[in-house]
Amino acid sequence: MPTHHQIELGVNVDHIATLRQARGVSYPDPLQAADIARKAGADGVTVHLREDRRHIQDSDVFAIREQVDLPMNFEMAATAEMLEIAKKVAPYECCLVPEKREELTTEGGLSVITQQSYLTDYVGELKAQGIKVSLFVDPDEEQINASHQVGADIVELHTGTYAETAEEAQHAELLRIQRAATVAHDLGLQVNAGHGLHYQNTVSIAAIPELTCLNIGHSIVARAVMTGFYEAVFAIKQLMNGARLDSEGNGL
Ligand code: PXP
């Protein structure tokens with residue numbers, strides 16, 4: 001049996017904001033979710049401020065940074081606009097991701113190889129602010145070498161292909177991630193992983209000894225909705241029938 005090492009969890013609260021933005025109201029609040037994550041043992045909080053602001057808003061980033069006592073992993077595209085925002089936020093770490101990543105299912109990690117000189121300058125600007133820099137890359141040796149060359153502190157290995165692959169081919173993808181983790185670790189990079197990890201596929205990834213942190217979002221939010229649904233239905237029915245709110249405004 002492999003011995004289990006301590007691995008950190010970064011909780012991505014983007015999809016709490018997705019639910020809020022769907023109605024243009026003030027709840028559910030990713031700030032509150034981040035604090036619950038902290039209480040539950042999360043080691044970090046991740047937010048992705050997208051150029052189109054489809055979920056997380058600028059004000060969420062600042063509120064979480066100021067009010068939640070966890071290291072922030074600020075995910076962003078490597079644009080001029082985001083660099084200015086990152087300087088103001090001063091997160092623990094920035095994770096650079098491809099701009100249109102979530103819009104195309106087949107799209108992978110950041111292509112570091114094709115924009116090495118641009119990223120060398122960009123990474124340098126962030127590091128000069130005392131921010132650690134992570135690059136979200138496919139588990140590919142060339143991308144990892146290039147990440148090291150542009151001065152990244154961390155690579156986050158993209159587990160999306162592993163997560164989406166049919167069961168028969170999943171072992172090969174797991175080996176690919178394991179090999180990539182070794183390559184990155186041997187270069188002196190911190191190695192994180194994430195995307196598409198859920199309650200059935202995370203354990204094998206968490207067992208990779210070189211990994212420091214997993215960033216997980218969608219599956220946690222999805223599970224929270226279901227585990228909380230009974231209580232939520234029960235509470236509104238009680239309210240309708242005369243029950244009072246508790247001190248936090250929740251139905252009893
Ligand atoms: N890591 C990175 C770099 C991401 O962009 C995301 C999604 O924003 C995640 C991890 C979390 O992915 P998921 O929501 O599928 O858990």
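Nothing fancy with the numbering, it's 1 onward along the sequence. Whatever order the structure lists ligands and atoms in, that order sets their numbers, starting from 1.
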Gap separating the OG1 atom of Thr212 from the NE2 atom of His5, nearest 0.5 angstrom: 7.0 Å

If we number the atoms of ligand 1 from 1 as shown, the ones under 4.0 Å from a heavy atom of Val97 are 3 (C)

If you measure every N/O of Glu75 against every N/O of ligand 1, is any gap under 3.5 Å? yes

Heavy-atom contacts with Asp14 under 4.0 Å: which atoms of ligand 1 show up? List them by number with element. 8 (O)

Do the side chains of Leu174 and Ile205 get nearer than 4.5 Å, heavy atoms only? yes

Give yes or no for whether the N/O distance cutoff of 3.5 Å, strictly under, is met between Phe136 and ligand 1. no

Ligand 1 to Asn215, heavy atom cutoff 4.0 Å, flagged ligand atoms 10 (C), 11 (C)

Any N or O on His218 sitting closer than 3.5 Å to an N or O of ligand 1? yes

Side-chain touch Met72/Val61, heavy atoms, less than 4.5 angstrom: yes

Interfacing atoms of ligand 1 (cut-off 4.0 Å, heavy-atom, Gly217): 13 (P), 14 (O), 16 (O)

Against ligand 1, does Gly196 come closer than 4.0 Å with any heavy atom? yes

Restricting to pairs with a member in residues 111-135, which pass ring-ring contact (aromatic ring centres under 6.0 Å, His included), not counting sequence neighbours? Tyr118-Tyr122

Which residues share a ring pair (Phe, Tyr, Trp, His ring centres under 6.0 Å) with His171, sequence neighbours left out: none

Main-chain N/O of Leu70 paired to Arg38 side chain as donor or acceptor, under 3.5 Å: no

Can you check whether Leu126 reaches Leu96 side chain to side chain, under 4.5 Å on heavy atoms? yes

Glu156, any N or O under 3.5 Å of ligand 1 N or O: yes

Near Ile216 (heavy-atom distance under 4.0 Å), the atoms of ligand 1 are 16 (O)

